[in-house]
Amino acid sequence: MLEKIRIFSGNANKKLAQDICRNLGVPLGKANVTTFSDGETRVEIDENVRGMDVFIIQSTCPPVNTTLMELLIMIDALKRASAYRITAVIPYYGYARQDRKVAPRAPITAKLVADLITTAGANRVLSIDLHAGQIQGFFNIPVDNLYATPILLNYIRQKFNSDCVIVSPDMGGVVRARAFATRLGVNLAIIDKRREGPNESQVMNIIGNVNNSCAIILDDMIDTAGTVTLSAQALLEAGASEVTVCCTHPVLSGPAIERLENSKIKEVVVTDTIPLNEQAKACSLIKVLSVSGLLSEAIRRIYYDESVSSLFV
């Protein structure tokens with residue numbers, strides 16, 4: 001029934017693309033994505049896509065500039081090959097943190113990347129847990145921003161009982177954390193922090209009661225792990241019995257793994273929107289949940305022109 005669908009992948013997260021294809025019962029499209037000797041990205045689409053509904057699975061994760069260029073060049077190649085519709089499936093949208101001017105003469109790079117994707121020829125974008133919801137408005141094409149909420153919620157329900165507390169690591173994540181706490185029927189706590197600079201933060205105060213509770217820190221991503229490790233330390237000092245961290249995007253750059261291993265965090269639950277690097281794979285704290293089922297269902301509904309809104313939960 002999916003005879004007009006074609007799914008391709010760059011080099012960012014090929015395993016996720018293969019899992020999605022397995023769920024849908026279609027083969028992964030034949031594409032050769034390599035580099036020339038000078039480092040330029042080289043793309044060859046090795047099958048006919050004329051009139052096809054094409055989906056490109058590509059997170060713009062580290063190395064961010066390389067994966068972004070792979071995505072843009074693949075979109076251009078498929079557009080020039082007369083694909084009927086091109087959907088950029090970007091589980092992790094890089095540059096999302098630069099979504100507004102925070103200083104004079106600063107760029108809004110999230111908007112720039114949106115313009116690049118649109119200009120390259122994408123007709124639609126499918127992503128998971130955008131860092132800021134307003135990024136959807138940076139595009140002049142339809143954007144479906146799914147949430148990893150159901151996947152993380154199911155795991156938390158199986159693992160924890162009613163003595164847990166959902167913790168937002170900053171004021172920006174309160175809406176997400178409150179939604180989790182409401183669905184689980186547990187209390188909410190908020191960490192008031194003051195950011196000293198990029199990738200640096202200092203925990204200031206905890207709003208809410210975490211005494212004798214299992215604290216679950218909920219965030220959209222973990223980058224250098226500075227926020228979550230300092231937050232975990234503050235929660236334990238405030239009386240929490242243990243701390244677990246849940247996030248959608250395991251960026252885990254720089255000293256992240258070392259910080260997590262040296263902390264008193266019990267477990268770090270992430271999804272496979274970004275593949276783990278070798279150091280992260282060796283870390284016993286990390287538990288990976290798959291978003292392939294969620295993306296497979298979204299792709300199926302887009303292909304059949306069915307509603308995707310029930311997945312926005």
Side-chain angles (χ1 to χ4, degrees), residues 1-61 63-95 111-128 136 138-146 273-275 291-292 295-306 308:
M1 298 296 292
L2 297 171
E3 67 275 4
K4 287 287 187 178
I5 197 172
R6 293 292 183 272
I7 298 177
F8 293 91
S9 173
N11 295 316
N13 199 341
K14 193 155 284 188
K15 182 181 184 304
L16 177 59
Q18 292 169 341
D19 291 343
I20 290 170
C21 288
R22 190 178 303 112
N23 291 339
L24 293 172
V26 299
L28 184 63
K30 298 175 183 177
N32 189 21
V33 184
T34 57
T35 58
F36 289 101
S37 59
D38 64 351
E40 292 181 4
T41 299
R42 177 174 180 266
V43 171
E44 289 183 347
I45 306 299
D46 295 329
E47 61 181 276
N48 179 31
V49 295
R50 182 178 295 273
M52 298 296 177
D53 200 350
V54 178
F55 296 82
I56 305 172
I57 317 295
Q58 179 83 336
S59 285
T60 50
C61 55
V64 181
N65 296 333
T66 298
T67 54
L68 176 59
M69 285 305 301
E70 286 182 3
L71 173 63
L72 296 175
I73 296 172
M74 289 184 76
I75 292 171
D76 184 74
L78 291 163
K79 177 184 68 174
R80 296 177 188 278
S82 302
Y84 166 68
R85 178 172 64 180
I86 301 171
T87 301
V89 182
I90 312 173
Y92 170 69
Y93 184 86
Y95 285 108
K111 166 62 174 167
L112 172 62
V113 171
D115 288 342
L116 289 170
I117 292 169
T118 304
T119 302
N123 303 110
R124 191 182 195 101
V125 170
L126 175 63
S127 191
I128 297 181
Q136 297 172 79
F138 293 172
F139 290 88
N140 292 321
I141 55 177
V143 177
D144 295 310
N145 179 32
L146 305 181
T273 58
I274 297 174
V291 296
S292 61
L295 288 173
S296 301
E297 180 62 16
I299 289 171
R300 188 193 68 80
R301 294 188 185 194
I302 291 171
Y303 176 77
Y304 284 117
D305 292 323
E306 296 176 356
V308 186

field: Results of salt bridge (Lys or Arg N to Asp or Glu O under 4.0 Å) for Asp53 - residues two or more places apart only
entry: Arg85
Main-chain N/O of Ala88 paired with Gln58 side-chain donor or acceptor, under 3.5 Å: no
- prompt: How would you list, by chain and number, every residue that makes a side-chain hydrogen bond (donor to acceptor under 3.5 Å, both in side chains) with Glu47, sequence neighbours excluded?
  reply: Arg6
task: Any chance you could lay out the side-chain contact (heavy atoms from CB on, under 4.5 Å) test for Ile299 and Ile57, step after step, and finish with the verdict?
output: CA-CA 11 Å; Ile299 289 171; Ile57 317 295; 4.0 Å; yes
task: Answer yes or no: is there a donor N or O on one side and an acceptor on the other, between the side chain of Thr67 and the main chain of Cys61, under 3.5 Å?
output: yes
field: Under the side-chain hydrogen bond (donor to acceptor under 3.5 Å, both in side chains) test, residues paired with Gln18 that sit two or more places apart
entry: none
Would you tabulate the side-chain donor-acceptor contacts of residues 39-46 under 3.5 Å, counting partners in other chains and residues two or more places apart, or write 'none'?
from, atom 1, to, atom 2, distance (Å)
Arg42, NH2, Glu44, OE2, 2.6

- prompt: Can you name the side-chain contact (heavy atoms from CB on, under 4.5 Å) partners of Arg80, sequence neighbours left out?
  reply: Asp76
message: Do Phe8 and Val49 have side chains that approach each other closer than 4.5 Å (heavy atoms only, starting at C-beta)?
response: yes
message: Between Ile302 and Phe55, does the side-chain contact (heavy atoms from CB on, under 4.5 Å) criterion hold? Intermediate values first, please.
response: CA-CA 10 Å; Ile302 291 171; Phe55 296 82; 3.9 Å; yes
field: Distance in Å, Leu78 CG paired with Ile56 CD1, rounded so as to fall on 0.5 Å steps
entry: 4.5 Å
- line: Between Ile86 and Gly121, the two heavy atoms sitting closest are CD1-O, 4.0 Å
- request: Verify side-chain contact (heavy atoms from CB on, under 4.5 Å) between Asn123 and Ile141, making sure each step is shown before the conclusion.
  value: CA-CA 6 Å; Asn123 303 110; Ile141 55 177; 5.8 Å; no
query: Quick one: does Ser59's side chain get under 4.5 Å of Pro275's, heavy atoms only?
result: no
Counterpart residues, side-chain hydrogen bond (donor to acceptor under 3.5 Å, both in side chains), relative to Tyr303 (two or more places apart): none
message: Considering only residues two or more places apart or on different chains, which pairs with a residue in residues 28-37 satisfy salt bridge (charged side-chain N to carboxylate O under 4.0 Å, His left out)?
response: none
message: Once rounded to the nearest 0.5 Å, what's the spacing between atom CD of Glu297 and atom CG of Leu24?
response: 9.0 Å
Test salt bridge (Lys or Arg N to Asp or Glu O under 4.0 Å) applied to Arg124 - qualifying residues, sequence neighbours left out: Asp144
query: With a 4.5 Å heavy-atom cut-off, do Phe138 and Val113 have their side chains touching?
result: no
field: 4.5 Å side-chain heavy-atom contact, Val291 and Leu146
entry: no
statement: Here the gap from Thr60 atom OG1 to Asn13 atom CG, rounded to the nearest 0.5 Å, amounts to 11.5 Å
- prompt: Quick check: does any side chain N or O of Ser127 sit under 3.5 Å from a backbone N or O of Ile90, one acting as donor and the other as acceptor?
  reply: yes
task: Output all residues satisfying side-chain contact (heavy atoms from CB on, under 4.5 Å) with Tyr84, sequence neighbours left out; order by chain, then residue number.
output: none
field: Residues that Ser292 engages under side-chain contact (heavy atoms from CB on, under 4.5 Å), provided they are two or more places apart
entry: Leu16, Asp19, Ile20, Asn23, Ser290
- prompt: Looking at residues at least two apart in the chain, or sitting in another chain, which of them share a side-chain contact (heavy atoms from CB on, under 4.5 Å) with Asn11?
  reply: Lys14, Val33, Glu70
message: When you compare the side chain of Leu72 with that of Ile117, does any pair of heavy atoms fall below 4.5 Å?
response: yes
query: Who passes ring pair (Phe, Tyr, Trp, His ring centres under 6.0 Å) against Tyr92, sequence neighbours left out?
result: His249
